[in-house]
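Taking it in order: structure first as structure tokens, then the write-up.
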Amino acid sequence: MTTNSGDNGEILDQAAQWRGQGKGVALATVVSTWGSSPRPVGAKLAVDDSGAFIGSVSGGCVEGAVIEEGLAAIKDGKPRLLDFGVTNEQAWEVGLACGGKIQVFVERVE
Amino acid sequence: MKLELLKRAVESAAAGRPAALVTDLKSGRQALCQGSDFEGNLTPGDAVIAAARRALVDDRSTLVETPEGKVFIEVFNPSLRLMVIGAVHIAQPLARMAALAGYAVTVIDPRSAFASGERFPGVELSTEWPDEAMARLKPDRRTAVVTLTHDPKVDDPALVAALKSSAFYIGALGSKKTHAARLKRLAEDGFKETDFARIHGPVGLDIGAVSPAEIAVSILAQITATLRADRLKNRQAA
């Protein structure tokens with residue numbers, strides 16, 4: 001089942017509010033998962049240009065890296081597709097130890 | 001990502017019209033699909049439109065591979081709903097917890113002293129009789145129904161309406177003895193074993209709950225386990 005009926009409503013509202021205040025905003029969405037991953041496809045995280053964020057794409061393991069990419073997307077406007085998993089060095093450093101893999105799409109909100 | 005498109009997807013779902021947001025993951029171009037209409041800066045092919053329809057029916061956002069690259073289909077379906085019959089003590093924490101879990105909650109109780117805004121701040125209340133309220137609200141396969149009054153003349157009509165609907169979860173508060181008497185009354189109304197099997201009674205997972213909030217946890221846990229029965233089955237099979 002989709003998560004859009006639940007917590008994503010709050011995240012999208014916050015993204016809209018930030019845009020309304022003239023802030024740059026990026027949205028990250030889990031687009032695929034393999035193995036045991038803590039958040040389902042469709043899970044979202046929104047970040048503003050100051051690094052304030054709401055929502056999650058994992059159990060907290062890769063959020064730091066996703067926020068960095070979100071800030072970069074706010075600057076250059078280019079969408080990004082990120083892979084995280086146990087074989088990904090960066091993800092391992094920040095601790096995606098659940099054995100799963102996730103793919104996260106990051107885009108600037110216009 | 002156009003904020004306007006996203007807003008429209010959310011509003012459409014809230015108004016009861018399912019929508020699928022299709023994103024080309026290379027270009028970031030998007031289209032919002034509703035029925036056979038689509039809008040946005042992406043023109044999805046027939047295969048993608050068919051996949052979007054399927055995703056809406058399955059209620060599952062999904063990644064599809066096309067000759068042009070990866071496309072993400074995100075489903076915006078109307079909210080899950082919970083109808084609580086009986087504005088009693090347990091209903092207070094249950095309404096708040098269920099809202100956190102993503103349910104649009106309606107608490108129904110013809111006794112206006114119970115169903116008061118002071119007791120249920122921010123919760124949608126109805127003081128209609130349950131059969132009237134449920135005829136109006138039309139429970140569907142994304143609806144859970146829980147009866148909490150212990151009073152047959154309030155609970156029974158709600159159970160009858162729930163059994164005649166495609167509600168994915170039906171729960172009735174009461175001891176085993178109360179539940180046996182309830183099923184006897186429903187049998188007199190012409191309901192059968194297959195109907196009885198749909199009613200969780202006594203309601204909730206047995207976690208030894210004592211306080212109203214703990215009982216609300218046990219009820220919401222059982223609703224969740226029913227909603228996610230497919231996932232549970234897959235995991236137990238693995």
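Hydrogens, waters and symmetry mates are skipped; everything else that's a heavy atom, side chains included, is used. Each chain gets a letter, A, B and so on, in the order the sequences are listed, and its residues count up from 1.
Taking OG1 of A:Thr29 as the start and CG of B:Leu21 as the end, the distance is 9.0 Å to the nearest 0.5 Å. To the nearest 0.5 angstrom, A:Glu110 atom CD is 12.0 Å from B:Leu5 atom CG. Distance CZ/B:Arg29 to CD/A:Glu107: 13.5 Å, rounded to 0.5 Å.
At most 12 non-hydrogen atoms from other residues, nucleotides or ligands lie less than 6.0 angstrom from CG of B:Asp206. No more than 12 heavy-atom neighbours from other residues, nucleotides or ligands sit within 6.0 angstrom of CZ on B:Arg96. The number of heavy atoms from other shown groups lying within 6.0 Å of CZ (B:Phe120) is above 12.
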Candidate pair B:Leu3 and A:Val25, rule side chain to side chain contact (heavy atoms under 4.5 Å, CB included), full reasoning: CA-CA 10 Å; B:Leu3 190 59; A:Val25 178; over 6 Å; no
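Residue A:Val106: no heavy atom, backbone or side chain, is found under 4.5 Å from chain B. In this structure, chain A has a heavy atom under 4.5 Å from the side chain of B:Thr23, while its backbone stays farther away. If you measure heavy-atom distances from B:Leu25 to chain A, the contacts under 4.5 Å come from both the backbone and the side chain. Contacts between B:Lys26 and chain A at a heavy-atom distance below 4.5 Å involve the backbone alone (N, CA, C, O). Proximity to chain B is limited to the backbone of A:Arg108, based on heavy atoms less than 4.5 angstrom apart.
When every heavy atom of A:Val31 is checked against every heavy atom of B:Leu63, the shortest pair comes out as O-CB, 3.6 Å. Here the closest heavy-atom approach between residue B:Asp24 and residue A:Phe105 is recorded as O-CZ, 4.4 Å.
Side-chain contact between A:Val41 and B:Phe72: present, with at least one pair of heavy atoms (C-beta onward) separated by less than 4.5 Å.
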